[in-house]
Amino acid sequence: MGLKNPLRNAASQLKRPFRSSTQIQMSDAAISAEDGGEKKGFFQKMKSVIPPANERKKLIPLALMFFCILFNYTILRDTKDVLMVTAPKSGAEVIPFIKTYVNLPVAIGFTAMYSKLCDKMDQKQVFYTCTIPFLFFFGAFAWLIFPNTGMLHPHGFCDMLAAALPAGFSAPLSIIRNWSYAIFYVMAEMWGSVVASLLFWSFANEVTTVDEAKKYYPLFGMGANVALIFSGQYVKWVSKMRANLPPGVDPWGVSLKYLMAAIIGGGTTMLGLFKYMQDKVMTDPACIDQEKQQAKKKKKTKMGMRESAKFLMNSPYIRDLATLVISYGMCINIVEVSWKAKLKMAYPDPNAYSSFMGNFSSATGTVTLIMMLLGRTIFEKFGWKKAAMVTPTMIGVTGLAFFALNIFAPTFAPVAAALGTSPLMLAVLVGAAQNILSKSSKYSLFDPCKEMAYIPLDQDSKTKGKAAVDVIGNPLGKSGGSLIQQALIFAVGSLAAATPYLAGILGVLVFFWYKAANSLGDQFEKAMEADAATAAA
């Protein structure tokens, strides 16, 4: 179900070996030269790898939109943690409560609202309706809410409750005590789920063919690394500027204004690029199949929340997509928390810990760039299904190796000694490699695979299904991993004692991930075969 309106372009490519990007994009001049038996010169080779004008017209603004969205998300991701962790009578222990008991319900509520918006508005109106409130909130937070938190936050009331309640209620009370920071935290998380994962990729899937997605989606992720560099340099500049403020000025309040000004600027630029796409690209027959666009609009149906949920639950395609997203969130959470516990044991000094994480971040960025370049080749030579299997394989093999080093630490002591290190440090290094390889394969292969899978869907599945999978599935996966660990710690007493159980759970999750990816790959190929038959008729 949900496959009545598959994509019509280049479906036959999925059933035979993929041509290289040079072959796909080869210019007429280059083809003529090749037919004549002549070798292509340097400039002809360069010309052959440059996208044609109709593709450049939509890919360049799409890439710039992605850059703006991720530039904002990087700033918001760092700011939200600082606000909550350093808030009065708060700390890092508050974050799991926000993710599970605040962020997840908000995500579910947004999905219900988004479903109704899709029934009543077209894609352009939905995009504006969902993004503009974010920018208003972040601006209001910096200039109106934060300067008045002393009056807005109920510290006295929470102190009274804390005196009457057990100590275990300190984290929930911290959320109430610093409610505006908690809202900021959730809005920052939702920017990543709603604007980056849902709205941007929904629009990209609308204007991109499967062949174009195979060529360019893996490269879109490079924008994430470039945005990270630019946003990091901006935050660094703001920090230096803050050190030169005169006495009596709240430095964090000034920093927030500069940071949120950048968010508003990036968001406004994103909206401008979106408007350009609507005015110049969506109306251009050379870029978008106009008949197909009109057919999609005519076939749009209205469904209530109950009908929408039933529609999605009855779609094996959507269920498999959701399984992929939830499995990734749970697997990475299960391994990452255990690794960070080992990392803290190996580097108890904050400066040493920070130095290690700096090297870890640099390695992650380097490997991710390499994987993104390889990702394009993997899609073209091996196809969607094999590309989708890379990430669970990477997480399963490296994750189980990391857990094995923890469970059988005495057994690996001679190996560690031969390498000139300790079993603990060996586990830390294997855990670091696991995180680096998992995240790089996620950015370069998992995300593009997931987004390509939406392209053949009909409009209802594409909008409502993507909202359910991305907006609910992402936090559900993270919350699910956290709840499993909390239950095991409560049952066996510590995270270290829970390691064998976590390894077993990781194996089960990877099995179901494989099963869903294999099933989805078959459905994806059938959808493209059906499209090829329709196009030939």
Side-chain angles (χ1 to χ4, degrees), residues 2-3 5-19 21 24 51 55 58-59 62-63 66 196-224 288-289 292 296 315-325 327-328 371-392 441-459 461-463 465-467 469-470 473 513 516-532:
L3 297 173
N5 226 4
L7 188 70
R8 296 182 182 277
N9 295 327
S12 60
Q13 296 295 329
L14 293 170
K15 292 302 291 179
R16 59 177 183 260
F18 291 105
R19 298 177 292 166
S21 59
I24 293 172
E55 291 184 6
K58 56 184 175 182
L59 291 172
L62 270 178
F66 197 45
S197 295
L198 176 61
L199 296 176
F200 171 78
W201 284 112
S202 292
F203 181 57
N205 293 341
E206 197 73 19
V207 301
T208 308
T209 68
V210 170
D211 273 351
E212 290 168 350
K214 288 184 293 186
K215 291 186 288 182
Y216 304 120
Y217 275 14
L219 300 181
F220 272 11
M222 297 181 73
I288 305 295
D289 188 333
K292 187 174 180 181
K296 287 180 179 179
S315 170
Y317 202 99
I318 296 297
R319 289 201 305 270
D320 287 339
L321 266 171
T323 302
L324 263 62
V325 172
S327 295
Y328 172 81
M371 284 292 293
M372 284 172 180
L373 295 173
L374 290 174
R376 182 172 176 174
T377 303
I378 291 171
F379 276 112
E380 291 167 351
K381 291 188 177 299
F382 301 105
W384 188 97
K385 186 187 288 189
K386 286 185 172 62
M389 296 293 188
V390 172
T391 304
S441 65
K442 192 256 187 188
Y443 298 142
S444 59
L445 293 170
F446 179 82
D447 286 345
C449 274
K450 175 170 67 74
E451 300 308 328
M452 286 181 207
Y454 287 111
I455 295 177
L457 295 178
D458 61 64
Q459 195 65 18
S461 296
K462 191 179 291 186
T463 54
K466 186 166 176 56
V469 170
D470 288 353
W513 189 347
N518 188 63
S519 172
L520 186 60
D522 291 339
Q523 293 177 77
F524 184 73
E525 289 179 1
K526 288 179 181 177
M528 303 315 296
E529 286 175 359
D531 183 66

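Quick note: numbers below take in every heavy atom, side chains included, and nothing from hydrogens, waters or symmetry partners. Treat the numbers as computed from the prediction; the structure is a model and nothing was measured.
In this structure, Phe446 and Trp513 have perpendicular ring planes: the angle between them is above 60°, well past the 30° mark.
Rounded to the nearest 0.5 angstrom, Ile318 CD1 and Tyr454 OH are separated by 6.0 Å. Rounding to the nearest 0.5 angstrom, the gap separating the CG atom in Asn205 from the NZ atom in Lys450 is 9.0 Å. Taken from OG1 in Thr208 to CG in Leu59, the straight-line distance is 6.5 Å, to the nearest 0.5 Å. To the nearest 0.5 Å, atom CG of residue Leu374 and atom NZ of residue Lys381 are 12.0 Å apart. Atoms CE and NZ, from Met371 and Lys442 in turn, are 13.5 Å apart once rounded to the nearest 0.5 Å. Atom CH2 of residue Trp384 and atom CG of residue Leu520 lie 4.0 Å apart, to the nearest 0.5 angstrom.
Nearest heavy atoms, Ser519 versus Asp320: OG-OD2, 2.8 Å. Nearest heavy atoms, Phe379 versus Ala387: CE2-CB, 3.6 Å. Scanning both residues, Gln523 and Tyr317, for their nearest heavy atoms gives OE1-N, 3.3 Å. Closest approach of Ala453 and Leu321 over heavy atoms only: CB-CD2, 4.0 Å.
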Side chain to side chain contact (heavy atoms under 4.5 Å, CB included) evaluation trace for Thr377 with Phe382: CA-CA 8 Å; Thr377 303; Phe382 301 105; 6.0 Å; no
Check against side chain to side chain contact (heavy atoms under 4.5 Å, CB included), Phe203 and Leu199: CA-CA 6 Å; Phe203 181 57; Leu199 296 176; over 6 Å; no
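Side chain to side chain, Ser202 and Glu206 fail the donor-acceptor criterion of an N or O pair below 3.5 Å.
Other residues, nucleotides and ligands contribute over 12 non-hydrogen atoms within 6.0 Å of the NZ atom of Lys385.
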